[in-house]
Amino acid sequence: MIIIGPQGCGKGTQAKRLSKNFNIPHISTGDIFREIRKEDTLRGRKVKELIDNGMNVPDKITIPLVKEKLSKLKEGYILDGFPRNIEQSKSLEGIDKVIYLKISDKEVVRRIEGRRNCKKCGAIFNITTAPKPKIEGICNKCGSELFQRDDDKPGQIKKRLKQYHNLTAPLIEFYKDILIEIDGSRDIGEVYSEIISKLSL
Ligand code: AMP
């Protein structure tokens with residue numbers, strides 16, 4: 001299964017819930033690249049530069065990396081952040097369902113500007129929507145410091161959104177026969193319930 005939608009639509013949040021509740025591996029290319037970004041290698045430095053500038057990592061790095069991960073999984077998975085363009089989708093076989101979380105560009109900007117991540121445990125909060133940190137700048141789960149991703153800063157959001165419309169949105173048509181469209185603008189629980197019901201789980 002694939003979850004697609006623009007930045008901030010809730011892909012990661014919903015994928016994590018589905019993964020936990022149904023015990024299905026969750027593969028997030030964003031999370032993979034954020035780990036690679038920390039490496040003190042040529043690849044790490046290249047990935048860091050691209051991510052921090054809100055640019056996609058080239059297919060020649062991304063596709064083999066995902067293929068290698070998926071080759072180890074025999075019983076299915078939830079892909080989040082991949083495929084991000086038609087070329088990447090052509091590298092995949094056997095996709096059953098594509099969940100498309102639809103939200104407006106205005107809502108993307110509002111959500112991304114408010115997004116804050118925990119430095120230590122990776123939990124995600126939002127200072128304008130939900131879940132809000134109880135104490136400003138502090139993670140509700142582990143008490144560590146929150147930070148804003150470089151690519152979530154105002155200048156980068158518009159660039160990332162443009163890439164989404166140019167490269168990723170065409171996947172909606174590409175997968176139209178197996179696409180489940182869901183209004184992603186509602187709260188996390190409502191969106192999750194609709195995913196479960198539309199997947200007949
Ligand atoms: P995300 O957390 O999905 O917003 O991804 C964060 C960043 O990781 C993106 O802005 C890209 O730089 C990179 N990235 C994640 N997934 C992909 C992908 N499928 N193809 C290329 N770059 C990706």
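The structure displayed is predicted, hence computed values, not measured ones. All ligand and atom numbering here is 1-based and tracks the order in the structure.
- Scanning all protein heavy atoms for the shortest distance to atom 22 (N) of ligand 1 gives Val57 N, 2.9 Å.
- Contact check on Arg37 versus Asp151 returns no salt bridge, with no Lys/Arg side-chain nitrogen under 4.0 Å from an Asp/Glu carboxylate oxygen.
- Gln88 pairs with exactly one of Asp59, Asn56, Thr168 by the side chain to side chain donor-acceptor pair (under 3.5 Å) rule, that one being Asp59.
- In terms of polar-atom proximity, defined here as any N/O pair under 3.5 Å, Gly54 makes no such contact with ligand 1.
- Put simply, the side chain of Arg160 does not reach to within 4.5 Å of the side chain of Val108, judged on heavy atoms.
- Checked for salt-bridge contact, Arg45 and Glu49 miss the test: no charged N lies under 4.0 Å from a carboxylate O.
- Below 4.0 Å from some heavy atom of Arg149 lie the following atoms of ligand 1, by number and element: 1 (P), 2 (O), 4 (O), 6 (C).
- Comparing Ile112, Asn85, Ile51, Asn56 by heavy-atom distance to atom 7 (C) of ligand 1, the nearest is Ile51.
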Do any side-chain atoms of residues 115-125 form donor-acceptor pairs under 3.5 angstrom with protein atoms, and if so which ones, sequence neighbours left out?
{"from": "Arg115", "atom 1": "NE", "to": "Asp152", "atom 2": "OD2", "distance (Å)": "2.8"}
{"from": "Arg115", "atom 1": "NH2", "to": "Asp152", "atom 2": "OD1", "distance (Å)": "3.1"}
{"from": "Arg115", "atom 1": "NH2", "to": "Asp152", "atom 2": "OD2", "distance (Å)": "3.4"}
{"from": "Arg116", "atom 1": "NH1", "to": "Glu113", "atom 2": "O", "distance (Å)": "3.0"}

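- Looking only at heavy atoms of the protein, atom 13 (C) of ligand 1 is closest to Phe33 CD1, 3.7 Å.
- Polar contact check, Gln7 against ligand 1: no nitrogen or oxygen pair lies under 3.5 Å apart.
- Atoms of ligand 1 lying under 4.0 Å from any heavy atom of Gly81, numbered from 1 in the order shown and given with element: 16 (N), 17 (C), 18 (C), 19 (N).
- In summary, the atoms of ligand 1 found under 4.0 Å from a heavy atom of Thr62, numbered by their order in the structure, are 18 (C), 19 (N), 20 (N), 21 (C).
- Glu136 pairs by the salt bridge (Lys or Arg N to Asp or Glu O under 4.0 Å) definition with nothing, not counting sequence neighbours.
- At least one heavy atom of Arg34 sits less than 4.0 Å from an atom of ligand 1.
- The pair Glu194-Arg186 counts as a salt bridge, with a side-chain nitrogen and a carboxylate oxygen less than 4.0 angstrom apart.
- If you check which protein heavy atom lies closest to atom 4 (O) of ligand 1, you get Arg160 NH2, 3.1 Å.
- Leu92 is listed as a side-chain neighbour of Leu70, based on a closest heavy-atom distance under 4.5 Å.
- Atom CD1 in Ile2 sits 8.5 Å away from atom CZ in Phe82 (nearest 0.5 Å).
- For atom 16 (N) of ligand 1, the closest non-hydrogen atom of the protein is Thr29 OG1, 2.8 Å.
- Ranked by closest heavy atom to atom 11 (C) of ligand 1, the top entry among Gln88, Met55, Gln163 is Met55.
- Regarding atom 15 (C) of ligand 1, its nearest protein heavy-atom neighbour is Arg84 NH1, 3.3 Å.
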